[in-house]
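The structure appears right after this line, and notes come after that.
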2 protein chains.
Amino acid sequence: MDSKTKYHHGDLRKALIEAGVSLLQEEDASELTLRRVAREAKVSHMAPYRHFADKNALLAAIAVEGFQILGEQIKEEIHANRSDPRQMIDHVCLAYVKFGIEHPAHLTLMFSGLLSTGSSDELNLAAQKTLSLLKQTVKHAQKENLLKSVDGTQMAKSIWSMVHGLAMLMKEGLLLSEDGAQFEPIVRQSIDHLLNGIKS
Amino acid sequence: MDSKTKYHHGDLRKALIEAGVSLLQEEDASELTLRRVAREAKVSHMAPYRHFADKNALLAAIAVEGFQILGEQIKEEIHANRSDPRQMIDHVCLAYVKFGIEHPAHLTLMFSGLLSTGSSDELNLAAQKTLSLLKQTVKHAQKENLLKSVDGTQMAKSIWSMVHGLAMLMKEGLLLSEDGAQFEPIVRQSIDHLLNGIKS
DNA sequence: ACCTGAACACCGTTCAAGT
DNA sequence: ACCTGAACACCGTTCAAGT
């Protein structure tokens, strides 16, 4: 249809990202191979280089997509819970953990060192944008007098660390000892502990 | 000297683990190659197979070493703070985060999916042993009436998630915005928030 | 412009030998 | 027992062509 479809694809870039994610869902990250991604997208093993500088650039693109997806989910919860700052915090945190469970490959890539080594400005920007939504949530709760009015930055770091730890450990299946266990109660209780304290 | 040193090494297994860790300190995990490890240990590229079934087994051995080191550090803090359960929690958590900062390669490997995929019984056992020390710390604090007496398992999960998130994000350099920033105050404050609450 | 195929240096792993 | 070297199928990446 499209004149861009003269060759195999209209949007090979997107197809390659999807193929990469699809491979990561089935196998270990060490199994993800640029050549296999190309095969999965029915394209020669050199075609990806038209869209990505190297293998790392493809991985970074997947990570960027992850931050975008996570950002969307968080935004939804922010808007859906404007009236209740406590519920807003709960649902934003639940969305973060849920994202990790539903997109483990993305989460792994998002925090696998590609960030700190600063391989891509686009990745750093995407990360920063998404994480600022967490800060925004904390600020909103402070404005509504839900949280103590001191040290908002530190509070955001504590909440982020808590929810990030929950997401990482959940993703690895290390927090759900029983088989039918759900993640929501553990997350809710952890947030509750963080807000109300667990000291006697 | 030793009759075992007839060939190149008295303890090639240990030398290979050290070589692997050394490579991981300098470069990305994707750069770690069984052949390079062998080269680093001044040994042919096939020698490692006498000690490890495959590349994954070497990585698992490094992860096991990580759990052992972390376990030692936590044990030290448990014993050094027997008299004050609150200080015990603080110092155990600080030790966890400090471990991640000092041994980022180990931490990455320890929670990189080798666990849940259950590649090695030895690894699972090492992880379980180390993590039981965290539970032990929480139980001790409960016995001393520092923590609420309900739901000790959930409390342990919350504390573990918090400290694990701190360690992972610290390791990635995502929590220390300023250059000269120290990790201790952030960890102490986060633990304080978790114990005392951050609700107004 | 976008895709392909041959080529190069490298990898993990197997196999058959060497001491 | 422990180590080595050749060999195989695979990788990431470069280069020179094809349409």
Side-chain angles (χ1 to χ4, degrees), chain A residues 1-24 26-63 105 109 112-114 117 119-120, chain B residues 1-24 26-63 105 109 112-114 117 119-120:
Chain A
M1 306 247 177
D2 193 326
S3 74
K4 275 185 178 175
T5 325
K6 268 202 300 186
Y7 298 88
H8 264 111
H9 300 87
D11 196 345
L12 180 55
R13 193 192 134 90
K14 196 173 164 189
L16 289 168
I17 293 179
E18 271 173 24
V21 170
S22 156
L23 283 181
L24 282 172
E26 295 166 8
E27 324 183 87
D28 213 307
S30 62
E31 314 288 324
L32 184 139
T33 259
L34 207 43
R35 286 166 107 111
R36 288 184 63 171
V37 170
R39 250 176 269 144
E40 183 94 2
K42 316 255 189 200
V43 123
S44 92
H45 71 272
M46 275 305 300
Y49 286 92
R50 285 290 132 197
H51 300 275
F52 302 102
D54 53 21
K55 186 184 173 184
N56 247 301
L58 171 60
L59 296 180
I62 295 178
L109 238 48
S112 69
L114 286 173
T117 56
S119 63
S120 149
Chain B
M1 308 243 178
D2 193 326
S3 74
K4 275 187 179 175
T5 326
K6 269 202 298 186
Y7 299 88
H8 265 114
H9 299 87
D11 196 345
L12 180 56
R13 194 191 134 91
K14 196 175 163 187
L16 289 168
I17 292 179
E18 272 172 23
V21 171
S22 157
L23 284 180
L24 281 173
E26 296 165 9
E27 324 182 88
D28 213 308
S30 61
E31 313 288 325
L32 186 139
T33 259
L34 207 44
R35 285 167 108 111
R36 289 183 65 171
V37 171
R39 251 177 266 144
E40 182 94 0
K42 315 258 191 198
V43 124
S44 93
H45 71 272
M46 273 308 298
Y49 287 91
R50 284 292 133 196
H51 301 276
F52 302 101
D54 52 22
K55 187 185 174 184
N56 246 302
L58 171 60
L59 296 179
I62 295 177
L109 240 48
S112 69
L114 286 173
T117 54
S119 65
S120 149

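Hydrogens, waters and symmetry mates are skipped; everything else that's a heavy atom, side chains included, is used.
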**Report entry** Under 4.0 angstrom between B/H51 side-chain N/O and D/dC3 OP1 or OP2
**Finding:** yes

Query raised in the report: Under the salt bridge (charged side-chain N to carboxylate O under 4.0 Å, His left out) rule, what pairs show up with a residue in residues 29-40 of chain A, not counting sequence neighbours?
Result: A/E27-A/R36

Query - Euclidean distance, A/E18 CD relative to A/L23 CG, rounded to 0.5 Å - result: 12.0 Å

Report summary line: Contacts of A/S30 meeting side chain to side chain contact (heavy atoms under 4.5 Å, CB included) (sequence neighbours excluded), chain-then-number -> A/D28

Report summary line: So the stems of DNA chain D, runs of at least three Watson-Crick or G-U pairs (under 3.5 Å), are C:4-8 with D:12-16, C:12-16 with D:4-8

Query raised in the report: How long is the gap from CE on A/M46 to CG on A/L34, to the nearest 0.5 Å?
Result: 9.0 Å

Report summary line: Once base and sugar-phosphate atoms are separated, protein heavy atoms under 4.0 Å mark nucleotides 9-17 of chain C, 5' to 3', with B, S and - as --SBBBB--

Report task. Quick one: list whatever passes side chain to side chain contact (heavy atoms under 4.5 Å, CB included) with B/A61, sequence neighbours left out. Result -> B/R13, B/I17, B/F52

Report task. Rounded off to whole Å, could you give me the CZ-to-C1' distance for the B/R13 and D/dC2 pair? Result -> 16 Å

**Report entry** For A/A105, all residues meeting side chain to side chain contact (heavy atoms under 4.5 Å, CB included), sequence neighbours excluded
**Finding:** A/L24

Query raised in the report: With respect to the side chain of B/S44, which nucleotide from D/dT4, C/dC3, D/dC3 is positioned closest?
Result: D/dT4

**Report entry** Shortest non-hydrogen contact from A/L16 toward A/P48
**Finding:** CD1-CA, 3.8 Å

Requested in this report: To the nearest 0.5 Å, tell me how far B/L109 CG sits from B/L32 CG.
Outcome: 8.0 Å

